[in-house]
Every structure is written in structure tokens, then in C-alpha cells.
Amino acid sequence: MSTAPRVVVHRDKELMAQAAAARLITRIVDAQATRGEASVVLTGGRNGNGLLAALAAAPARDAVDWSRLDLWWGDERFLPEGDPDRNVTQAREALLDAVPLDPKRVHAMPASDGPHGPDVDAAAAAYAEELAAAGDPVPAFDVLMLGVGPDTHVASLFPGLPAVRETERTVVGVQDAPKPPPTRTTLTLPAIRAAREVWLLAAGEDKAEAAATALSGTDGPRVPAALATGRTHTLWLLDRAAASQLPGPSGV
């Protein structure tokens, strides 16, 4: 059962990204030492991509056996393959193209011009099948990372929308996201909560209210970030600006 969230506050977003990258390297190396492989769920957005860029620049990145790492995504914009707004495209530019990954272990969510065409629900179902083939019903992710939106959304689980209330399916299509593009695929809370560790990333003053709300004990479908918890650890990684509305945050 997940324990109470732990909050770590860093001086600024650059230091947060560097520290999170170092923390992720450690988790991956530990998992590979224990089980021979590791499984990580990536997030997009400025904080997720900042972490990947910091990881690419970290000398310790070579401690990771990249060929024994499975990468998944928490959500994806349902756009054509290679579109610059797709999370996987941005991840490749920030890190993936610079490290020796096994292509078979890079599990990108389907694109809108893929085998399922424009059918986002079919694309979501196909990704759920891919997850189920690696676990039951999903792999035991070592770390699942999520960016937190100003409205407290995580992945493409937006406040009050049906996807937040999903209790059975592990991946769903979203067609009415309140931020562009409106059509997306996303992991659901059952999939997110299967992770050993869930890390929530937030930097900047525009995330301060969301962090304070989610960490205040307020939950329910209108505060998705509060519902995103790991089986063993839930970690909030913030910069001072994002932590500015928390009661008595301490910097690192």
C-alpha cells in the first residue's frame, strides 16, 4: 500500500531536473541489479523533457544498461508519427536518440496515422494489449513519472472528465481534452497505481495552486494529481516556485 506522499523541493527547475535525473538513474540501476531489467514510464511537457535532457547530460547515465530498460508513456497526443508535439518525438530529441536503447523495449503509444488510423479508442485498446503482454494487467513499473498541470491534471486525466473515473481499463482514448490537441491516449488510474513509485513533477508559479490543492488531502475526480499514487512510494518533485503555497516547504 502506498505511503503518504513525500515532497522534495529544489531551488529552481534546472536543479530539480538534474536531481530528478540523478534519482532516476539510481532507481534504474538498482532495479537492474535486482532483477536484471527496469521499467519506466515517461512523461512529456516542459518538466518531463527537462528531466530527460538533464539525464542525457549526466555523466552517470552510462551506469544504466540501456539495452535492459523498458520505456512506456503515461499519455500521448494522438497525432501523426514524428509530429513535433508528440511526447515520443520530444523524448527522442531530448534523450532517446543519444542512448543505446533496444528499439523493441521502447513502447510508444500509437500515432494517428498508425495501424488503427484515426480510431483513438482502438489505439488505446492496442496499447492496453501491449501492456498486458508485459504484465498483468500492466508491468510492475519501477518508476512512473507524471507532470502536473495547473488544473491538477496528470497524464491526460483532466479534472471531471470520464477518464479520471475509469476503474477497469488501463488505457483509454480522450477526445475532449481542454488543452490542445483534444484527442489523446492516456493511462488510467488503475495503470498508474500499479507502479512501484509514482513521481509527480511540477515547476513554476503556475503549478503552485495545483500542488497545494493536490497535497492538501483534497481528492476525487476534480483533483486527478491527488489520486496518482504508487504502490510503495509517491514522490512530489517541486521547485520553490511550485512549492510556494505549501505550508512551510523546505528547499534543497
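Heavy-atom basis, side chains included; hydrogens, waters and symmetry copies ignored.
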Under 4.5 Å between side-chain heavy atoms, counting indirect links through other Ile/Leu/Val/Met/Phe/Trp/Tyr residues: same cluster for W236 and V223 or not? no

Handout entry: ILVMFWY cluster, L24 and V148 together (side-chain gap under 4.5 Å)
Key = yes

Salt bridge (charged side-chain N to carboxylate O under 4.0 Å, His left out) pairs touching residues 40-54, sequence neighbours excluded, are R46-D206

Quick test of your reading of the model: are D70 and R105 salt-bridged, counting only N-O distances below 4.0 Å?
yes

request  = Indicate yes or no: does R231 engage E197 in a salt bridge with an N to O separation below 4.0 Å.
outcome  = no

Is the number of heavy atoms from other residues, nucleotides or ligands under 6.0 Å of E209 CD greater than 12?
no

Hey, quick one: are V8 and V154 part of the same hydrophobic cluster, counting side-chain heavy atoms closer than 4.5 Å, chains of contacts allowed?
yes

Exercise. Is any side-chain N of the basic residue among R35 and D142 closer than 4.0 Å to the acidic one's carboxylate O?
Worked result: yes

Shared hydrophobic cluster for L55 and W73 (ILVMFWY, side-chain gaps under 4.5 Å): yes

Candidate pair T186 and D75, rule side chain to side chain donor-acceptor pair (under 3.5 Å), full reasoning: CA-CA 4 Å; T186 185; D75 74 324; 5.2 Å; no

Value for CG (D113) from CD (E81), rounded to nearest 0.5 Å, stands at 6.5 Å

Q | Exceeds 12 heavy-atom contacts within 6.0 angstrom, atom CD of E205 | A | no

Are V88 and L187 in one and the same hydrophobic cluster, where Ile, Leu, Val, Met, Phe, Trp and Tyr link if side-chain heavy atoms are under 4.5 Å apart? yes

**Aromatic plane relationship, Y127 with W72 - under 30° parallel, 30 to 60° tilted, over 60° perpendicular** = perpendicular

Here the pair of heavy atoms bringing P110 nearest to R86 is O-NH1, 3.4 Å

Let's go through D65 and Q32 carefully: what are the C-alpha distance in whole Å and the side-chain angles of both, what is the deciding distance for side chain to side chain donor-acceptor pair (under 3.5 Å) to 0.1 Å, and is it a yes or a no? CA-CA 8 Å; D65 184 342; Q32 290 180 336; 5.3 Å; no

